[in-house]
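Please read the structure below before turning to the comments.
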Amino acid sequence: VGSSFMEARRAIERKRDGFELSPAEVRGLVDGYLRGEVLEEQMASALMAGYFRGWSFGEIEALTRAYVESGRVLTLPRVGLGSGFGGRAARTVDKHSTGGVGDAVSLIVVPWVAACGAPVAKLSGRALAHTGGTIDKLEAVPGLRTELSADEFAGLVAAVGCAIGAAGPDLAPADKRIYALRDRCGSVPSMGLIAASVVSKKIAGGAEAIVFDVKVGSGAFMRTRAEALELARMMVSLARRFERSALALVTDMEEPLGTHVGTGLEVLEALAFLRGPALAASDARLAECCRAVAGAMLALSLGIQESEALQLLEQAVSSGTALARFEALVRGQGGSWEALLAMRPAEPCVEVVASRAGFVERVDPVGLGELARALVSAGGALAGVVVVARVGDWVTPGAVLARLHGVSDAAGALHGAAAAAESPAARAARCFAIGDAEPPERPMVYERVV
Ligand code: URA
(Lines give C-alpha, C1' and ligand atoms only; values in the text may rest on other atoms or scores of the structure.)
Protein backbone atom coordinates (compact mmCIF):
# COMPACT_ATOMS: atom_id res chain seq x y z
CA VAL A 1 0.00 0.00 0.00
CA GLY A 2 1.54 3.32 -1.02
CA SER A 3 1.63 6.52 0.98
CA SER A 4 -1.05 9.10 0.62
CA PHE A 5 -0.16 12.66 -0.20
CA MET A 6 -0.21 13.58 3.53
CA GLU A 7 1.91 10.58 4.61
CA ALA A 8 4.42 11.43 1.90
CA ARG A 9 4.69 14.99 3.16
CA ARG A 10 5.37 13.74 6.69
CA ALA A 11 8.10 11.41 5.39
CA ILE A 12 9.71 14.22 3.36
CA GLU A 13 9.73 16.52 6.40
CA ARG A 14 11.30 13.80 8.56
CA LYS A 15 13.99 13.18 5.96
CA ARG A 16 14.58 16.91 5.60
CA ASP A 17 15.09 17.16 9.37
CA GLY A 18 17.65 14.35 9.43
CA PHE A 19 15.56 11.44 10.68
CA GLU A 20 15.91 7.95 9.26
CA LEU A 21 12.89 6.73 7.34
CA SER A 22 11.44 3.35 8.27
CA PRO A 23 11.28 0.63 5.59
CA ALA A 24 7.48 1.18 5.52
CA GLU A 25 7.93 4.89 4.82
CA VAL A 26 10.40 4.22 1.98
CA ARG A 27 8.12 1.59 0.53
CA GLY A 28 5.12 3.88 0.86
CA LEU A 29 6.85 6.63 -1.10
CA VAL A 30 7.85 4.33 -3.98
CA ASP A 31 4.54 2.50 -4.24
CA GLY A 32 2.54 5.71 -3.81
CA TYR A 33 4.62 7.37 -6.53
CA LEU A 34 4.01 4.52 -8.96
CA ARG A 35 0.27 4.79 -8.29
CA GLY A 36 0.25 8.54 -8.78
CA GLU A 37 -0.72 9.31 -5.16
CA VAL A 38 2.71 10.64 -4.26
CA LEU A 39 3.26 13.60 -6.58
CA GLU A 40 6.27 14.19 -8.82
CA GLU A 41 7.37 17.16 -6.71
CA GLN A 42 7.06 15.12 -3.53
CA MET A 43 9.24 12.30 -4.83
CA ALA A 44 11.76 14.83 -6.17
CA SER A 45 11.88 16.56 -2.76
CA ALA A 46 12.36 13.28 -0.90
CA LEU A 47 15.24 12.32 -3.20
CA MET A 48 16.88 15.72 -2.81
CA ALA A 49 16.45 15.68 0.98
CA GLY A 50 18.20 12.30 0.92
CA TYR A 51 20.91 13.67 -1.34
CA PHE A 52 21.82 16.20 1.35
CA ARG A 53 21.12 14.10 4.46
CA GLY A 54 22.54 10.84 3.09
CA TRP A 55 20.80 7.48 3.19
CA SER A 56 21.21 4.78 5.84
CA PHE A 57 21.82 1.22 4.73
CA GLY A 58 18.35 0.30 5.98
CA GLU A 59 16.75 2.97 3.80
CA ILE A 60 18.73 1.83 0.75
CA GLU A 61 17.83 -1.79 1.36
CA ALA A 62 14.14 -0.83 1.58
CA LEU A 63 14.46 1.22 -1.62
CA THR A 64 16.16 -1.66 -3.44
CA ARG A 65 13.43 -4.05 -2.31
CA ALA A 66 10.71 -1.66 -3.46
CA TYR A 67 12.40 -1.36 -6.88
CA VAL A 68 12.80 -5.14 -7.25
CA GLU A 69 9.23 -5.87 -6.21
CA SER A 70 7.79 -3.22 -8.54
CA GLY A 71 8.32 -5.62 -11.46
CA ARG A 72 9.17 -9.11 -12.48
CA VAL A 73 12.02 -11.15 -11.03
CA LEU A 74 13.40 -13.60 -13.59
CA THR A 75 14.15 -17.13 -12.59
CA LEU A 76 16.96 -18.62 -14.56
CA PRO A 77 17.82 -22.27 -15.01
CA ARG A 78 20.42 -23.62 -12.61
CA VAL A 79 22.50 -25.80 -14.85
CA GLY A 80 26.03 -27.04 -15.06
CA LEU A 81 26.92 -26.57 -18.68
CA GLY A 82 29.63 -29.18 -18.51
CA SER A 83 32.26 -28.40 -21.12
CA GLY A 84 34.11 -31.33 -19.59
CA PHE A 85 33.81 -29.79 -16.19
CA GLY A 86 32.50 -32.75 -14.27
CA GLY A 87 28.89 -31.68 -14.62
CA ARG A 88 29.30 -29.54 -11.49
CA ALA A 89 26.26 -27.37 -10.83
CA ALA A 90 27.00 -23.76 -11.54
CA ARG A 91 25.31 -20.61 -10.36
CA THR A 92 24.17 -18.20 -13.05
CA VAL A 93 26.38 -15.16 -12.86
CA ASP A 94 26.13 -11.54 -14.02
CA LYS A 95 28.60 -8.65 -13.86
CA HIS A 96 28.18 -4.93 -13.75
CA SER A 97 30.59 -2.13 -14.51
CA THR A 98 29.81 1.32 -13.14
CA GLY A 99 30.93 2.68 -16.51
CA GLY A 100 34.15 3.50 -18.25
CA VAL A 101 35.82 4.32 -21.55
CA GLY A 102 37.18 1.57 -23.79
CA ASP A 103 35.55 -0.84 -21.36
CA ALA A 104 34.88 -3.85 -23.58
CA VAL A 105 35.13 -6.18 -20.59
CA SER A 106 31.53 -7.46 -20.79
CA LEU A 107 31.85 -8.40 -24.47
CA ILE A 108 34.91 -10.48 -23.58
CA VAL A 109 34.11 -12.04 -20.23
CA VAL A 110 30.53 -13.13 -20.96
CA PRO A 111 31.43 -15.77 -23.60
CA TRP A 112 34.77 -16.48 -21.90
CA VAL A 113 33.24 -17.39 -18.55
CA ALA A 114 30.42 -19.31 -20.25
CA ALA A 115 32.99 -21.36 -22.16
CA CYS A 116 34.36 -22.50 -18.79
CA GLY A 117 31.01 -23.88 -17.65
CA ALA A 118 29.39 -20.97 -15.83
CA PRO A 119 26.04 -19.75 -17.20
CA VAL A 120 26.12 -15.99 -17.71
CA ALA A 121 22.90 -13.95 -17.70
CA LYS A 122 24.07 -10.43 -18.46
CA LEU A 123 21.77 -7.46 -18.34
CA SER A 124 23.31 -4.37 -19.88
CA GLY A 125 22.60 -0.72 -20.42
CA ARG A 126 23.27 1.97 -22.97
CA ALA A 127 25.93 4.65 -23.03
CA LEU A 128 25.71 7.25 -20.28
CA ALA A 129 27.58 10.58 -20.55
CA HIS A 130 31.12 9.85 -21.82
CA THR A 131 30.99 6.13 -20.99
CA GLY A 132 30.06 3.38 -23.43
CA GLY A 133 27.15 0.95 -23.13
CA THR A 134 27.34 -2.74 -23.96
CA ILE A 135 23.94 -2.69 -25.66
CA ASP A 136 25.07 -0.01 -28.13
CA LYS A 137 28.25 -1.96 -28.83
CA LEU A 138 26.43 -5.21 -29.56
CA GLU A 139 24.02 -3.46 -31.89
CA ALA A 140 27.00 -2.67 -34.13
CA VAL A 141 26.82 -6.35 -35.20
CA PRO A 142 24.38 -6.66 -38.12
CA GLY A 143 21.16 -8.37 -37.09
CA LEU A 144 22.02 -8.78 -33.43
CA ARG A 145 19.06 -8.22 -31.09
CA THR A 146 19.33 -7.20 -27.45
CA GLU A 147 15.63 -6.62 -26.76
CA LEU A 148 15.01 -10.16 -25.56
CA SER A 149 11.83 -11.30 -23.87
CA ALA A 150 12.28 -12.83 -20.43
CA ASP A 151 11.66 -16.31 -21.84
CA GLU A 152 14.07 -15.79 -24.70
CA PHE A 153 16.75 -14.51 -22.31
CA ALA A 154 16.39 -17.50 -19.98
CA GLY A 155 16.22 -19.86 -22.98
CA LEU A 156 19.49 -18.53 -24.39
CA VAL A 157 21.23 -18.84 -21.03
CA ALA A 158 20.15 -22.49 -20.90
CA ALA A 159 20.92 -23.34 -24.52
CA VAL A 160 23.96 -21.21 -25.35
CA GLY A 161 25.32 -20.69 -21.85
CA CYS A 162 25.16 -16.92 -22.06
CA ALA A 163 23.05 -14.00 -23.21
CA ILE A 164 23.37 -10.23 -23.10
CA GLY A 165 20.04 -8.46 -22.95
CA ALA A 166 18.77 -4.95 -22.39
CA ALA A 167 16.86 -4.66 -19.11
CA GLY A 168 13.25 -4.70 -20.36
CA PRO A 169 10.44 -2.46 -19.12
CA ASP A 170 9.16 -5.11 -16.71
CA LEU A 171 12.39 -5.32 -14.68
CA ALA A 172 12.52 -2.84 -11.77
CA PRO A 173 10.13 -0.35 -13.42
CA ALA A 174 10.19 1.85 -10.29
CA ASP A 175 13.92 2.38 -10.85
CA LYS A 176 13.29 3.46 -14.42
CA ARG A 177 10.79 6.14 -13.37
CA ILE A 178 12.79 7.32 -10.40
CA TYR A 179 16.06 7.30 -12.37
CA ALA A 180 14.48 9.61 -14.96
CA LEU A 181 13.20 11.87 -12.18
CA ARG A 182 16.67 11.98 -10.57
CA ASP A 183 18.12 12.86 -13.96
CA ARG A 184 15.70 15.78 -14.32
CA CYS A 185 16.20 17.01 -10.76
CA GLY A 186 19.93 16.59 -10.16
CA SER A 187 19.94 13.71 -7.69
CA VAL A 188 21.70 11.08 -9.82
CA PRO A 189 25.10 11.23 -8.05
CA SER A 190 23.82 10.03 -4.67
CA MET A 191 25.75 6.91 -3.73
CA GLY A 192 22.92 5.05 -2.01
CA LEU A 193 20.55 5.77 -4.88
CA ILE A 194 23.11 4.50 -7.39
CA ALA A 195 23.58 1.30 -5.38
CA ALA A 196 19.82 0.68 -5.13
CA SER A 197 19.37 1.37 -8.84
CA VAL A 198 22.15 -0.94 -9.99
CA VAL A 199 21.55 -3.78 -7.54
CA SER A 200 17.76 -3.87 -8.06
CA LYS A 201 18.20 -4.45 -11.79
CA LYS A 202 20.75 -7.21 -11.17
CA ILE A 203 18.46 -8.94 -8.65
CA ALA A 204 15.47 -8.69 -10.99
CA GLY A 205 17.62 -10.15 -13.79
CA GLY A 206 17.77 -13.39 -11.85
CA ALA A 207 21.51 -14.12 -11.61
CA GLU A 208 22.52 -15.97 -8.46
CA ALA A 209 26.01 -14.47 -8.33
CA ILE A 210 27.10 -10.95 -9.23
CA VAL A 211 30.52 -9.36 -9.76
CA PHE A 212 30.60 -5.56 -9.52
CA ASP A 213 33.42 -3.75 -11.31
CA VAL A 214 33.49 -0.34 -9.67
CA LYS A 215 35.55 2.02 -11.79
CA VAL A 216 37.54 4.78 -10.14
CA GLY A 217 39.43 7.72 -11.60
CA SER A 218 38.97 10.72 -13.84
CA GLY A 219 37.03 8.67 -16.42
CA ALA A 220 34.65 7.15 -13.86
CA PHE A 221 31.63 8.41 -11.92
CA MET A 222 33.50 7.65 -8.66
CA ARG A 223 36.51 9.96 -8.55
CA THR A 224 38.20 8.78 -5.35
CA ARG A 225 39.17 5.36 -4.09
CA ALA A 226 37.34 5.98 -0.81
CA GLU A 227 34.07 6.67 -2.65
CA ALA A 228 34.52 3.70 -4.97
CA LEU A 229 35.24 1.40 -2.04
CA GLU A 230 32.16 2.61 -0.18
CA LEU A 231 29.97 1.99 -3.23
CA ALA A 232 31.56 -1.44 -3.75
CA ARG A 233 30.89 -2.46 -0.15
CA MET A 234 27.33 -1.15 -0.28
CA MET A 235 26.49 -3.09 -3.46
CA VAL A 236 28.01 -6.33 -2.16
CA SER A 237 26.11 -6.02 1.16
CA LEU A 238 22.86 -5.22 -0.66
CA ALA A 239 23.19 -8.17 -3.04
CA ARG A 240 23.76 -10.49 -0.06
CA ARG A 241 20.52 -9.27 1.55
CA PHE A 242 18.81 -10.80 -1.47
CA GLU A 243 20.67 -14.11 -1.00
CA ARG A 244 22.95 -13.58 -3.98
CA SER A 245 26.66 -14.20 -3.78
CA ALA A 246 28.57 -11.10 -4.68
CA LEU A 247 32.06 -9.72 -5.01
CA ALA A 248 33.31 -6.31 -6.07
CA LEU A 249 36.53 -5.08 -7.61
CA VAL A 250 37.61 -1.45 -7.61
CA THR A 251 39.50 -0.95 -10.88
CA ASP A 252 41.37 1.88 -12.56
CA MET A 253 39.71 4.29 -15.00
CA GLU A 254 42.36 7.03 -15.30
CA GLU A 255 42.88 6.28 -19.00
CA PRO A 256 40.83 4.37 -21.59
CA LEU A 257 40.91 0.73 -20.57
CA GLY A 258 41.30 -0.88 -23.98
CA THR A 259 42.81 0.72 -27.05
CA HIS A 260 39.51 0.80 -28.97
CA VAL A 261 36.89 3.38 -28.06
CA GLY A 262 33.59 3.28 -29.92
CA THR A 263 30.88 0.71 -30.45
CA GLY A 264 31.83 -1.60 -33.34
CA LEU A 265 35.52 -0.92 -32.69
CA GLU A 266 35.14 -2.37 -29.19
CA VAL A 267 33.44 -5.45 -30.65
CA LEU A 268 36.50 -5.90 -32.89
CA GLU A 269 38.79 -5.59 -29.89
CA ALA A 270 36.77 -8.23 -28.02
CA LEU A 271 37.01 -10.52 -31.05
CA ALA A 272 40.80 -10.08 -31.16
CA PHE A 273 41.03 -10.90 -27.46
CA LEU A 274 38.92 -14.05 -27.70
CA ARG A 275 40.89 -15.26 -30.72
CA GLY A 276 44.06 -15.17 -28.61
CA PRO A 277 46.77 -15.96 -28.07
CA ALA A 278 47.86 -12.58 -26.80
CA LEU A 279 46.92 -8.97 -27.32
CA ALA A 280 49.46 -6.29 -28.02
CA ALA A 281 51.25 -4.85 -25.00
CA SER A 282 49.11 -1.73 -25.37
CA ASP A 283 46.13 -3.83 -24.32
CA ALA A 284 47.76 -5.34 -21.23
CA ARG A 285 45.49 -3.36 -18.90
CA LEU A 286 42.33 -4.54 -20.63
CA ALA A 287 43.59 -8.13 -20.43
CA GLU A 288 44.36 -7.76 -16.73
CA CYS A 289 40.94 -6.30 -15.96
CA CYS A 290 39.21 -9.07 -17.94
CA ARG A 291 41.16 -11.77 -16.11
CA ALA A 292 40.26 -10.27 -12.74
CA VAL A 293 36.55 -9.94 -13.56
CA ALA A 294 36.26 -13.30 -15.34
CA GLY A 295 38.23 -15.07 -12.60
CA ALA A 296 35.91 -13.68 -9.94
CA MET A 297 32.79 -14.60 -11.95
CA LEU A 298 33.96 -18.15 -12.49
CA ALA A 299 35.08 -18.62 -8.89
CA LEU A 300 31.68 -17.41 -7.58
CA SER A 301 29.70 -19.44 -10.08
CA LEU A 302 31.53 -22.74 -9.68
CA GLY A 303 32.68 -22.37 -6.07
CA ILE A 304 36.34 -22.85 -7.03
CA GLN A 305 39.56 -21.03 -6.18
CA GLU A 306 40.51 -18.16 -8.44
CA SER A 307 43.80 -19.84 -9.32
CA GLU A 308 41.83 -22.78 -10.75
CA ALA A 309 39.45 -20.36 -12.49
CA LEU A 310 42.35 -18.59 -14.17
CA GLN A 311 43.71 -21.89 -15.49
CA LEU A 312 40.34 -22.76 -16.99
CA LEU A 313 40.14 -19.32 -18.58
CA GLU A 314 43.58 -19.65 -20.20
CA GLN A 315 42.58 -23.02 -21.65
CA ALA A 316 39.31 -21.62 -23.02
CA VAL A 317 41.17 -19.03 -25.09
CA SER A 318 43.94 -21.35 -26.29
CA SER A 319 41.51 -24.14 -27.24
CA GLY A 320 39.18 -21.78 -29.14
CA THR A 321 36.14 -22.57 -26.97
CA ALA A 322 35.84 -18.94 -25.79
CA LEU A 323 35.72 -17.74 -29.40
CA ALA A 324 33.20 -20.46 -30.29
CA ARG A 325 31.00 -19.33 -27.40
CA PHE A 326 31.12 -15.75 -28.66
CA GLU A 327 29.99 -17.00 -32.06
CA ALA A 328 27.14 -18.93 -30.40
CA LEU A 329 26.09 -15.80 -28.47
CA VAL A 330 26.10 -13.65 -31.62
CA ARG A 331 24.17 -16.21 -33.66
CA GLY A 332 21.81 -17.00 -30.75
CA GLN A 333 20.79 -13.34 -30.59
CA GLY A 334 20.22 -13.14 -34.34
CA GLY A 335 23.52 -11.55 -35.32
CA SER A 336 25.49 -12.43 -38.43
CA TRP A 337 28.85 -13.94 -37.46
CA GLU A 338 30.04 -13.64 -41.06
CA ALA A 339 29.20 -9.93 -41.09
CA LEU A 340 31.02 -9.50 -37.78
CA LEU A 341 34.14 -11.20 -39.18
CA ALA A 342 33.99 -8.84 -42.15
CA MET A 343 33.76 -5.71 -39.98
CA ARG A 344 36.71 -3.31 -40.31
CA PRO A 345 37.37 0.10 -38.73
CA ALA A 346 35.72 2.83 -40.80
CA GLU A 347 37.76 4.74 -43.40
CA PRO A 348 39.03 7.37 -43.90
CA CYS A 349 41.31 7.52 -40.91
CA VAL A 350 43.20 10.47 -39.45
CA GLU A 351 46.36 10.01 -37.41
CA VAL A 352 46.96 12.18 -34.38
CA VAL A 353 50.68 12.68 -33.81
CA ALA A 354 52.94 13.93 -31.03
CA SER A 355 54.32 17.43 -31.45
CA ARG A 356 57.20 16.91 -29.03
CA ALA A 357 59.27 14.19 -27.44
CA GLY A 358 58.49 13.00 -23.95
CA PHE A 359 56.55 10.63 -21.76
CA VAL A 360 52.83 10.28 -22.25
CA GLU A 361 51.79 11.56 -18.84
CA ARG A 362 48.03 11.50 -19.26
CA VAL A 363 45.42 10.22 -21.71
CA ASP A 364 42.10 11.86 -20.93
CA PRO A 365 39.35 9.22 -20.89
CA VAL A 366 36.46 11.69 -20.75
CA GLY A 367 37.68 13.68 -23.78
CA LEU A 368 38.29 10.55 -25.83
CA GLY A 369 35.03 8.93 -24.71
CA GLU A 370 33.05 11.99 -25.76
CA LEU A 371 34.94 12.26 -29.05
CA ALA A 372 34.33 8.58 -29.83
CA ARG A 373 30.60 8.99 -29.19
CA ALA A 374 30.54 12.03 -31.52
CA LEU A 375 32.48 10.12 -34.22
CA VAL A 376 30.09 7.16 -33.99
CA SER A 377 27.02 9.34 -34.22
CA ALA A 378 28.47 11.15 -37.27
CA GLY A 379 30.25 8.25 -38.97
CA GLY A 380 28.45 5.07 -37.90
CA ALA A 381 29.20 2.07 -35.72
CA LEU A 382 32.70 1.44 -37.04
CA ALA A 383 33.90 4.98 -36.45
CA GLY A 384 35.73 5.88 -33.26
CA VAL A 385 39.15 6.21 -31.68
CA VAL A 386 42.03 3.73 -31.53
CA VAL A 387 44.48 4.79 -28.82
CA VAL A 388 48.06 4.01 -29.81
CA ALA A 389 50.18 5.75 -27.18
CA ARG A 390 49.53 4.66 -23.60
CA VAL A 391 50.33 6.40 -20.35
CA GLY A 392 54.03 5.84 -19.59
CA ASP A 393 55.11 5.39 -23.24
CA TRP A 394 58.04 7.46 -24.53
CA VAL A 395 57.16 9.20 -27.81
CA THR A 396 59.16 11.22 -30.32
CA PRO A 397 57.82 14.09 -32.48
CA GLY A 398 55.54 12.70 -35.19
CA ALA A 399 54.82 9.46 -33.31
CA VAL A 400 51.22 8.32 -33.70
CA LEU A 401 49.19 8.91 -30.53
CA ALA A 402 45.79 7.81 -31.83
CA ARG A 403 43.88 6.97 -34.99
CA LEU A 404 40.46 8.47 -35.61
CA HIS A 405 38.31 6.29 -37.80
CA GLY A 406 35.47 7.41 -40.00
CA VAL A 407 36.61 10.99 -40.27
CA SER A 408 38.90 13.03 -42.47
CA ASP A 409 40.29 16.30 -41.22
CA ALA A 410 38.93 17.92 -44.34
CA ALA A 411 35.49 17.05 -43.03
CA GLY A 412 36.13 19.72 -40.43
CA ALA A 413 34.52 19.98 -37.06
CA LEU A 414 31.84 17.66 -35.77
CA HIS A 415 28.62 19.39 -35.01
CA GLY A 416 27.96 19.82 -31.36
CA ALA A 417 28.37 22.03 -28.39
CA ALA A 418 31.55 23.49 -27.01
CA ALA A 419 34.16 22.17 -29.39
CA ALA A 420 32.21 23.07 -32.53
CA ALA A 421 35.03 24.95 -34.18
CA GLU A 422 37.69 22.39 -33.39
CA SER A 423 38.61 19.51 -35.69
CA PRO A 424 38.40 15.96 -34.27
CA ALA A 425 42.19 15.62 -34.57
CA ALA A 426 42.75 18.77 -32.52
CA ARG A 427 40.26 17.54 -29.93
CA ALA A 428 42.04 14.19 -29.74
CA ALA A 429 45.48 15.81 -29.49
CA ARG A 430 44.32 17.78 -26.44
CA CYS A 431 43.57 14.49 -24.71
CA PHE A 432 47.26 13.52 -24.63
CA ALA A 433 49.58 15.27 -22.18
CA ILE A 434 53.26 14.77 -23.02
CA GLY A 435 55.91 15.83 -20.53
CA ASP A 436 59.33 15.13 -19.14
CA ALA A 437 58.40 13.12 -16.07
CA GLU A 438 57.82 9.39 -16.29
CA PRO A 439 54.40 8.90 -14.69
CA PRO A 440 54.15 6.43 -11.81
CA GLU A 441 52.70 3.01 -12.63
CA ARG A 442 49.11 2.51 -11.55
CA PRO A 443 47.72 -0.85 -10.46
CA MET A 444 44.76 -2.18 -12.43
CA VAL A 445 42.83 -3.59 -9.47
CA TYR A 446 42.89 -1.42 -6.35
CA GLU A 447 40.55 -3.32 -4.06
CA ARG A 448 38.66 -6.59 -3.78
CA VAL A 449 35.54 -6.59 -1.65
CA VAL A 450 34.49 -10.12 -0.76
N1 URA B 1 23.55 3.40 -13.37
C2 URA B 1 22.34 2.98 -12.91
O3 URA B 1 21.82 1.99 -13.36
N4 URA B 1 21.76 3.68 -11.93
C5 URA B 1 22.32 4.77 -11.37
O6 URA B 1 21.74 5.34 -10.49
C7 URA B 1 23.57 5.21 -11.88
C8 URA B 1 24.18 4.50 -12.87
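Computed from a predicted structure; not experimentally measured. If you read the sequence from its start, that first residue is 1, and numbering goes on from there. In each ligand, atom 1 is the first atom listed, and ligand 1 is the first ligand listed.
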(message) Using the salt bridge (charged side-chain N to carboxylate O under 4.0 Å, His left out) definition, which of the options Arg362, Arg285, Lys215 pairs with Glu255?
(response) Arg285
(message) Any heavy-atom pair between the side chains of Glu7 and Glu25 that's under 4.5 Å?
(response) no
(request) Please verify whether a non-hydrogen atom of Ile194 lies at under 4.0 Å from ligand 1. (result) yes
(message) Looking at Arg241 and Glu61, is there a salt bridge between them, counting it only when a charged N and a carboxylate O are closer than 4.0 Å?
(response) yes
(message) Within ligand 1, which atoms have a heavy atom of Tyr179 less than 4.0 Å away?
(response) 4 (N), 5 (C), 6 (O), 7 (C)
(request) Verify the neighbour count for atom CZ of Phe221: are there more than 12 heavy atoms of other residues, nucleotides or ligands below 6.0 Å? (result) yes
(request) Verify the ring-centre separation between Phe326 and Trp112: is it less than 6.0 angstrom? (result) no
(request) Would you mind checking which non-hydrogen protein atom is closest to atom 1 (N) of ligand 1, with the distance to 0.1 Å? (result) Val198 CG2, 4.1 Å
(message) Starting from atom 3 (O) of ligand 1, what is the nearest protein heavy atom, named by residue and atom, and what distance separates them?
(response) Lys201 NZ, 2.5 Å
(request) Look at atom 4 (N) of ligand 1 and find which of Ala129, Ser200, Ser197, Ala167 reaches it with the closest heavy atom. (result) Ser197
